[in-house]
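Okay, structure first, notes after.
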Amino acid sequence: MESRVLLKNRKPDRILDLAEYRASGGYSAAAEMLQTGRPADVQEALEAAGLLGRGGAAFSMGVKLSTVAEYAPFPRYMVCNADEMEPGTFKDRVLIHTSPHLLIEGMLLAAFSARAEHGIIFIRPEYENAARILEREVALAREQGLLGKNIFNSGFDFDIVVHRSGGRYICGEGTALLNALEGKRPNPRKPPPYPTVKGLWQLPTVVQNVETLCFVPHVVQNGAEWFRNLAAGPDEAGTKIYSVSGRVRRPGCYELPMGTALSEIIETHAGGMAGNGRFKACLPGGASTRYMPESMYHREMGYQSLSDAGFRLGTAAVMVFDHSACLVGATVNLLAFFARESCGWCTPCRDGLPYLHDLLRRIENGQGRAEFVPMLREMAGQMGLAYCAFAPGAAAPVESLITYFEDEVREHIKAGRCPFREAE
Amino acid sequence: MPKLIIDNLEIEVPEGTRVIEAAEKLGIYIPRFCFHHALGAVGACRVCAVKVLEGAVEGVQMSCMIDAQDGMKVSTTDPEAADFRRSVIEWLMLNHPHDCPVCDEGGHCLLQDLTVAGGHSIRRYEGGKRTYTDQYLGPLVQHEMNRCIQCYRCVRFYREYSGYNDLGVTGIAGRVYFGRLREGVLESPFAGNLIDICPTGVFTDKPSRYTGRRWDFERTPGVCIHCSLGCRTTVSARYRQVGRMEGRFSQRVNGDFICDRGRYGFYYADRPGRPRSGRISGQTVSVDQAVYEARDRLQRITEEHGPQAVGVIGSGRSSLQTQSAMVHLCRTTGWQGPVFRNTRITGAAADTAACALNPENAVSMRELETADAILAVGADPVNEAPVLALAMRQAQRAGAQITAIDPRPLEWPFDFEHLACRAEEIGEALASAAERLSDSRRPVVICGTEITDAGIVLQAADLVAGLRGSGKTAGLFCTLPQANSFGAALLDECNACAADLAARVEAGQIRALAVIESDLWHDFPDRPQLEKALEKLDLLVSVDFLDTPLFEKADIGIPSLTVFEAGGIYVNQEGRAQQVRPAHTGGLPITVTGAGDHPPRTFAPNVPGRDMPAAWVTAFCLAGQAPPETDAQMTAWMRYNFAVLSDLARMDADGVRLFAGGKTPIAHEATMPEKPEQCLELLLAAAVFGGEPMSDYSQCLRELAGLPAVWMDRADADRHGIAAGDRVGLGFENGEVSFVVRISDHMAPGVLVVYRHPDIDWQPRAGDTRYNIREDRIRRIEKA
Ligand SMILES: Cc1cc2nc3c(=O)[nH]c(=O)nc-3n(C[C@H](O)[C@H](O)[C@H](O)COP(=O)(O)O)c2cc1C
Ligand code: SF4
Ligand code: SF4
Ligand code: SF4
Ligand code: FES
């Protein structure tokens, strides 16, 4: 029983086109809001709904909008983050291929709230199909007066351009993304000032993830309470698209009440463990979150619930490992990615991650030594002092590996080889 | 003002002070790589971690990124912070080569210091090191990318601070690379600062590579004398030879940085051809012999023809000591002069600029950085006073609007509006541009003296006075031709320039000339006139540390000491007198025998001592007087004898400001002649590398001067069917000179601009720095 809000119009082989979207009530929320509402109405509804950012940081969108000061300068920018480079995450792509106008309407409403006139969709270059869909649908929306000047005769102007990213993971980080758009190196910026105060070209800019924006028309139309009630628990709000992958029978995107238990996601929706595998661990929210061990199997997968337990839901990209998977090997793999994708700005990340990678690789290859374990633990902890959230994210799998699977690591060292590999 | 506690010590600092700076005030040096007080904090290296025990955000924080706040309690020794700093050093050393003995940074390397200080001495990492290919970056800066620790200081200086874009960062993660897109000569005339600013051995001083460790050098605070700004330097000398020059921080003058002319201009001091012994009629004699011979023969001419028969010529590159001794020489003997100016029109402009400055309107370069509007009139800082361009860029980055009124194709490393007009239209343009300053609160008018005349300088000074009258804190910033042109203007007592003396030689009134550290040959506007005059002389005495053509031609040549050997006081263009201490003793550099072989080394046996006198000592001797015995006595003597110099007593680390105090400048012909029809106006303009008499001796800078070029406005070029890159000949009375053509869309039409170049030795007749050339005397020699 999937509760479909965002994916309710999902078709197996095509997008929901503009006519279908409008027939199903699309753009009516925007029409009404632009004609009769105030910008603050959108912001207030979102804040009351408790819509948290779905790009990984889980920051309240309503609160973020409230930081665009009334007398802040113009023009202002509404940026949709469709970079989706977090390993294991594939929900934004599905959303764009499902209902591009839901995203466009969401951007329109968010822009109205921030009184932004320029919209930019910053999209991962591998998503060329999605980018073309968006370009085409943006043009159609413009033709129908849903974008452009004086939308719905409200006097409000807003238009959208689609910008393809240079194609590195760090470009998806909200502030690095702004530098990238300005044609600079995608090094993150250190707030303050926050992008809503000084973002693109030092002007107020709101950056939101695709999934977050897709909720906006629904919240505006149905209200905060409706949204909160979609969740599985009282401390959560809305639904969440879980991108489930790994050792499950039916990997895919599942839109479920926020806070659905992990066991339910795996067993009821993803078809259970593949083969005769037993659940060993999962990364709950992409590559930059901590491993959840077996003891967490029944945990509710909501932002609040996971953070209470010391984990992060991130993008809710659930990567499932069974008992036959070597987590040392998996972590080596992740670290190779992170060490390669560091923007190169700060020392812990640029030089520390390759060090972590080297140590773990040696362990995996049977050259590990006992003193590597405390080194890994110390350095993984020190990644928290890097310049941006990249390095602590990259260290999360390492740190949780040492915390929950230290025995497995030490077994590698003691045996002088990976116990999961066939002995040579 | 927040009061905080760092390592149990209390300190109060101004609002906005970073914790790392507050600690420094307490004498606690927190490690840093990316932080630099001129470039600011960016939080990249993470080595400045401290623990905030009490404060708004507690825990381990980067001390360069947090402002000191009232009631804050900080520990720099907290184990968590110290461990983290140790890790950062270890991470930085993963890829860093372990070959300090062959790295030229060794001994003054921040990475070396902090690695040792942080206790990282045993390598744990077992992986390999990444390596890079180095680039050829020109004759000044050596590149060794393997040594990079990615602090980003170089690009922050090069691109953000100084506004040049040919050096940058490429790549991400562990492969970030700092260099040019393609190897090649660095375009910035400030590139040498990369050497000072890079905390490791990536960028090192190329000409002086492997000539010594920092501890081998005697390091002396110096002042640059290659333009009128007087930037502070640190002179490194070894074996009685200057080896290296670095920028030295100055609160008021240059801040941290210097230009490459100033950094590499010193090679004149030890070139093989430098005069080191006396010369009489081409015969080498002792210095004393030459001095006595000169004194006696000048004496004889004075007795036979009267004191009016001897003229004395000096320059703005001499120290205040030498200039005042020359004035004293003429006072006591009755000889004519000294004249410190070679040209009439620009000479008068420079004198006027110095005299127009007063304690109210004078601004330092640091103050100029806070200007909110700048109007530059006939000034090209990049070429005439390079570090001024850096100061203007800082003002522009902080929001100042900059307008330039100038005929030249200005290429400045910041945004500005260029009102291109011919030199004689500058006054008019200035009058109508003045209103651009009406909305500003701290406007500065910059006025050059290379292509302007006294009238324009006065107009600029009046504009500033008017702005001040309407309640603005307006400032006047004039650039002058030479390092001590201001001193010359203060001391000048005779209403003449070298051209006047030459005329008197031609008229037979003057029979002997004593030229002391003069660039007469170099900038006298009319070479044939000069040659004729010299021919007519009974006696030419030249005192110099440069082997100028004039020195070669002199009947008696007397060597003098350079600023590195004699020191001296130099007054920069804002009237700031700065003391330079000698950096090494005079005499031949000590040469190492054994051709650089393995030690033990023996030194050449003929080590001459401090065998040359400073020019001011010679000046006293020529007057038949005993010079003051010490530098201190000389300074006292100057204060006593020259009222304008009495404030030298108050000289401190920032120097002391001297003003002309209402002195009326020398009245030469004030304005330039109008341009006749059918003529293009040819401007001879200063170039950053080329045409400054001393730095022209530096081989490494000559390499940067490019080919002699003439710049043309596009319309003028089209009319002549000339394209960029063509070779043209310009016909002057005394022959044709050939140039490569450069074309600009943003210079004044009707003007040709030739930047001074060490390879063009040509003085158009009767010009000053301007010359009217008939259009039919422009001939294409070769197509591009
Ligand atoms: C290293 C890194 C990579 C990120 N990549 C993405 C991304 O690809 N897409 C995304 O929406 N957010 C990404 N984020 C999160 C953004 O910084 C930002 O929080 C988000 O786009 C804000 O939108 P939201 O509040 O709607 O989630 C990334 C963050 C980090 C630290
Ligand atoms: S942690 Fe540092 S190096 Fe890594 S992505 Fe962020 S800023 Fe760049
Ligand atoms: S080259 Fe030098 S200044 Fe530039 S980043 Fe590397 S270490 Fe820093
Ligand atoms: S700007 Fe002038 S004084 Fe300063 S370093 Fe350059 S040449 Fe020397
Ligand atoms: S000095 Fe503070 S982070 Fe580099």
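All chains are named by letter (A, B, ...) in the order of the sequence lines, taking the proteins before the strands, and each is independently numbered beginning at 1. Remember, predicted model here, so these are calculated numbers, not experimental data.
- The greatest number of non-hydrogen atom pairs below 4.5 Å with chain B, out of Cys349(A), Pro348(A), Pro354(A), is found for Pro348(A).
- When every heavy atom of Ala339(A) is checked against every heavy atom of Ala173(B), the shortest pair comes out as O-CB, 3.3 Å.
- Neither the backbone nor the side chain of Arg175(B) comes within less than 4.5 Å of any heavy atom of chain A.
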Show the numbers, then the answer: is there a side-chain contact (heavy atoms from CB on, under 4.5 Å) between Thr347(A) and Gln150(B)? CA-CA 8 Å; Thr347(A) 311; Gln150(B) 296 87 20; over 6 Å; no
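- No part of Arg189(A) comes within reach of chain B, as not one of its non-hydrogen atoms sits under 4.5 angstrom from that chain.
- At least one donor-acceptor pair closer than 3.5 Å links the side chain of Arg362(A) to the backbone N or O of Glu126(B).
- Of residues 75-96 of chain B, those residues with a non-hydrogen atom less than 4.5 Å from any non-hydrogen atom of chain A are, in numerical order, Asp83(B), Phe84(B), Ser87(B), Val88(B), Glu90(B), Trp91(B), Leu92(B), Leu94(B), Asn95(B).
- Listed in order of number, the residues of residues 42-57 of chain B that approach chain A to under 4.5 Å between heavy atoms are Val42(B), Gly43(B), Ala44(B), Cys45(B), Arg46(B).
- Note on Gln367(A), Arg369(A), Glu341(A), Glu371(A): by heavy-atom pairs under 4.5 Å with chain B, the leading option is Arg369(A).
- The environment of Asp439(B) atom CG is sparse: at most 12 non-hydrogen atoms of other residues, nucleotides or ligands sit within 6.0 angstrom.
- Only the side chain of Phe372(A) comes within contact range of chain B, with at least one heavy atom under 4.5 Å from a heavy atom of that chain.
- Between Tyr355(A) and Tyr125(B), the two ring planes are perpendicular [angle over 60°; tilted spans 30° to 60°].
- By the neighbour-count criterion of 12 heavy atoms within 6.0 Å, atom CD of Gln401(B) is sparsely surrounded, having that number or fewer from other residues, nucleotides or ligands.
- Around the CZ atom of Arg182(B), the shell of radius 6.0 Å holds no more than 12 heavy atoms that belong to other residues, nucleotides or ligands.
- When the heavy atoms of residues 177-188 of chain A are compared with those of chain B, the residues falling under 4.5 Å are Arg185(A), listed by number.
- The neighbour count for Lys129(B) NZ, taken as heavy atoms of other residues, nucleotides or ligands under 6.0 Å away, is above 12.
- Inspection of non-hydrogen atoms places Glu378(A), Met379(A), Gln382(A), Met383(A), Leu385(A), Ala386(A), Tyr387(A) of residues 378-389 of chain A under 4.5 Å from chain B.
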